[in-house]
Amino acid sequence: MSDLRALYQEIILEHNKNPRNFKKMPEATRMLEGYNPLCGDHYTLYLKIVNDTIVDISFEGSGCAISKASASVMTTLLKGKTKAEAEKMFETFRLLVTGELKDMSFETLGKLGAFAGVSEFPARVKCASLAWHTMHNAIDAKTDVVSTE
Amino acid sequence: MMTSGTTLLQNDDALQAWTMKLREQFPILNEHVHSKRLVYLDNAATTQKPESVLSAMEGYYRHLNSNIHRGVHFLSEQATEAYEGVREKLRSYINAAATGEIVFVRGTTEAINLVADSFGRAFVKAGDEVLISGMEHHSNIVPWQLLCERTGASLKVAPIDDRGEIIVEEFERLLNKRTRIVGLAHVSNALGTVNPVKHLIDLAHRHDIPVLVDGAQAGPHLRIDVRDLDCDFYALSAHKMYGPTGIGVLYGKQRLLESMPPYQGGGDMIRSVTFEKTVFNDLPYKFEAGTPSIAEGIGFGAALDFLTSLDWRAVSVHEHSLLEKASDALCNIPGVRIIGTAREKAGVVSFVLNDVHPHDIGTILDQEGIAVRTGHHCAQPVMLRYGIPATVRASFAVYNTKEEIEALIRGIYRVKEVFH
């Protein structure tokens, strides 16, 4: 069970149950779909970007606990961040869930640290990454549906 | 296996002993996953292979490896005899009239593609219809969609009810003079429903419409008799019948196969070739271009020997008791909803648990060493029908035990602990 607890951290279970910023955003300046057809994880991400700053971010959709919690935590972390800061956090997250992140303590990772256990579950990396990849492409003004499968 | 079905019917201990004896033939069942004894409940995806299948394939590569149907040398003759011997075993196993009706293919998917392509080219044109059911696997949907796209025919779908049974009246209503062919699953991979194919074939035949039966999920659970069913085509995959991947069979009535053009061109499927004209080989070779999966074919033969050695009354009693035990226990867990409650089912129980996503359930069960399938099971229209994105599917084989069902149930309680 120790491995499982590493994956299903309280933060993840709690965000899955009560996802933050879980709503449509009519005034969004960017909107992008993230969809893993094999899993069925399917979200729409909304971003309101003003002068390179993410002034608001929200999402809606459905999927597994890992994908939903990841999207929820991401929205809480990125509100008010610049595009460059968001991209930097995306890179940290990517390295974290693929087990490539070195020399970083859990304190500096903050809420992202909850996803450290994902790297032990290779089949679930795509779930954790879906929202982040969708955000990355949305910032890049890409319009094609994002998949991490 | 020496015990008769009647004795097994009366004696739970005898059934237990029979299962344990069978398990000894499957070396992989001794594996450990995450330090737990493997509980393999993903048999609808693929079954495990008995020692006899493994050694038949290795034996071929060690002692007989050579190409078939062409060499005059000893090894080629021996390999050809072994491979063709499997064709005869298959003919006898499914009770086909002649070996010419047994076409080797890569699996069920290729069998259906072969028919959709070849039968389609000969008989399907714009305005025609192809009829399937609402519970088909993608492999019995997409080849027909491609055919319809190519020809301008249209795909019709006989709906299923809430239990997961084909609504026979609706099926009958959709049969008409434009219907060229019907494709039906014998057993549904996502729901476990055993369809009344014999009756449905009879209904189609009243309109002179041929029927293809996708037998991928029936192969491991039912004895198949193509002449009793009177189906026109029947498709099977060896790997779901304790045999290797990469080989399967298309049964087709001789008269139909003869009227169909070749599927792929190449060696083996021809009698003579000049740049002006090619004369095709006789059945079944007309449909078998290129060097086939010889080792896999020989492995398939060993799997058929294994299946033939089984006491099928015991198989039926044992598999039904597993299904019943799993279904009853799952029903008693608050929040579990079983998807697919047909009156006749085989080998599969699909379910969801509250709003816990099946992939999370799959990961937690995996930590307990339990292998199940989670997802849409290549049957997205079925998921849509029930308004769910995915299910957890536990599927059984002859070697599964009641203890393994208990492990599954304990695993589901563990999921509930995590997702309190």
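Lettering follows sequence order; numbering is per chain, from 1.
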CZ (A:Arg124) and CG (B:Asp366) are apart, to the nearest 0.5 Å, by 10.0 Å
Say you draw a straight line from OG of A:Ser67 to NE2 of B:His357; how long is it, rounded to the nearest 0.5 Å? 7.0 Å
For A:Ala65 and B:Asp360, work out which heavy atoms get closest and say how close.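 Scanning both residues completely, I find the closest heavy atoms to be N-OD2, 2.6 Å.
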List the atom of A:Tyr8, the atom of B:His359, and the distance in Å for their closest heavy-atom pair.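 Looking at all heavy atoms of both residues, the closest pair is OH-O, 4.5 Å.
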Decide if atom [atom1] of [X] counts as having more than 12 heavy atoms of other residues, nucleotides or ligands within a radius under 6.0 Å.
X        : atom1 : result
A:Lys24  : NZ    : no
B:Asn30  : CG    : yes
B:Arg106 : CZ    : no
B:Glu149 : CD    : no
A:Met31  : CE    : no

Part of A:Lys17 lying under 4.5 Å from any heavy atom of chain B: side chain
When the 4.5 angstrom heavy-atom criterion is applied to A:Glu10 and chain B, the contacting part is side chain
With a 4.5 angstrom heavy-atom cut-off, is it the side chain or the backbone of B:His420 that approaches chain A, or both, or neither?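 Contact with chain A involves both backbone and side-chain atoms of B:His420.
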Among A:Gly40, A:Gly63, A:Cys127, who wins on heavy-atom pairs under 4.5 Å with chain B? A:Gly63
For chain B, the option from A:Ile66, A:Asp41, A:Leu13 that forms the most heavy-atom pairs under 4.5 Å: A:Leu13
Is there side-chain contact between A:Asn16 and B:Phe419, with at least one heavy-atom pair below 4.5 Å?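 Answer yes - side chains close enough.
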